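For reference, the structure discussed in these notes is given below.
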Amino acid sequence: MLALLNKHRRELGLREVKLGADQSKAARECVKENLDSHNFEHCGHEVLHSGSTSPEVIVDDWFWSPGHKQALTYDSSNYAGPAIGIDAEGTVIAAINIDY
């Protein structure tokens, strides 16, 4: 998902973001929290998605949503961390935590 995020950022003339350990940890924890609680709620500074297991579809959906696109395209962002999880019932939650 990070490579796809960076592809979109490059297309907009923005610099790429690097994989951040803190952001990756936060995204994993948010995905796990949502899957464990069967909720779909923000945990902090991340964008969330539910419904598709395809990273391409997830990132494209984010870039079609003005609020998500804005969150992912701050020029000041340097680091991001993605996560995707699927529970036993097949619920998919994806997150990218990004610094602003």
Side-chain angles (χ1 to χ4, degrees):
M1 287 189 339
L2 187 63
L4 295 166
L5 169 62
N6 279 324
K7 176 184 168 272
H8 284 282
R9 287 180 60 89
R10 281 191 309 273
E11 289 170 355
L12 295 170
L14 299 168
R15 70 175 178 274
E16 294 186 3
V17 293
K18 296 177 181 150
L19 182 63
D22 292 341
Q23 291 77 19
S24 295
K25 180 181 177 190
R28 285 191 309 272
E29 288 173 353
C30 187
V31 166
K32 182 179 182 332
E33 181 179 316
N34 276 279
L35 290 172
D36 289 349
S37 66
H38 302 286
N39 285 330
F40 187 67
E41 297 181 15
H42 286 274
C43 308
H45 295 288
E46 77 285 325
V47 294
L48 288 174
H49 186 279
S50 179
S52 174
T53 57
S54 164
E56 292 83 7
V57 169
I58 293 167
V59 175
D60 283 346
D61 283 353
W62 282 330
F63 274 83
W64 281 103
S65 164
H68 291 114
K69 182 178 179 179
Q70 180 182 4
L72 295 171
T73 57
Y74 284 105
D75 189 47
S76 59
S77 295
N78 294 301
Y79 297 98
I84 298 176
I86 305 170
D87 69 10
E89 291 83 34
T91 301
V92 176
I93 301 286
I96 287 184
N97 184 286
I98 190 164
D99 67 341
Y100 294 105

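Computed from a prediction, not measured in an experiment: that's the story for all the values here.
- Residue Ala80 comes nearest to Ser24 through the heavy atom pair O-OG, 4.4 Å, listed as atom of the first residue, atom of the second, then distance.
- His8 pairs by the ring pair (Phe, Tyr, Trp, His ring centres under 6.0 Å) definition with Phe63, not counting sequence neighbours.
- With hydrogens and angles ignored, the 3.5 Å screen pairs a side-chain donor or acceptor of Asn6 with a backbone N or O of Val17.
- A salt bridge does not link Glu16 to Arg9: none of the charged nitrogens lies less than 4.0 Å from a carboxylate oxygen.
- Heavy atoms only, all atoms of each residue included: Leu48 and His68 are closest at O-NE2, 3.9 Å.
- In this structure, the side chain of Asp75 does not engage the main chain of Leu14 through any donor-acceptor pair within 3.5 Å.
- A donor atom on one side chain and an acceptor atom on the other are not found under 3.5 Å apart for Thr91 and Glu89.
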Margin query: Quick one, Glu46 with His42, criterion side chain to side chain contact (heavy atoms under 4.5 Å, CB included). Give me CA distance, side-chain angles, the key distance, then yes/no.
Written below: CA-CA 7 Å; Glu46 77 285 325; His42 286 274; 2.9 Å; yes

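- The closest side-chain heavy-atom distance from Arg15 to Asn78 is below 4.5 Å.
- Side chain of Asn34 to backbone of Phe40: a donor-acceptor contact under 3.5 angstrom is found.
- Side chains of Asp99 and Gln23 form a contact here, defined as non-hydrogen atoms less than 4.5 Å apart.
- Here the CG atom belonging to Asp61 is positioned 11.0 Å from the OG atom belonging to Ser50, to the nearest 0.5 angstrom.
- Side chains of Ile84 and Val31 form no contact here, defined as non-hydrogen atoms less than 4.5 Å apart.
- Exactly one residue among Leu72, Leu2, Leu4 makes a side chain to side chain contact (heavy atoms under 4.5 Å, CB included) with Val59. That residue is Leu4.
- In the hydrophobic clustering of this structure, Ile96 groups with Tyr100; members are Ile, Leu, Val, Met, Phe, Trp, Tyr whose side-chain heavy atoms approach within less than 4.5 Å, directly or through other members.
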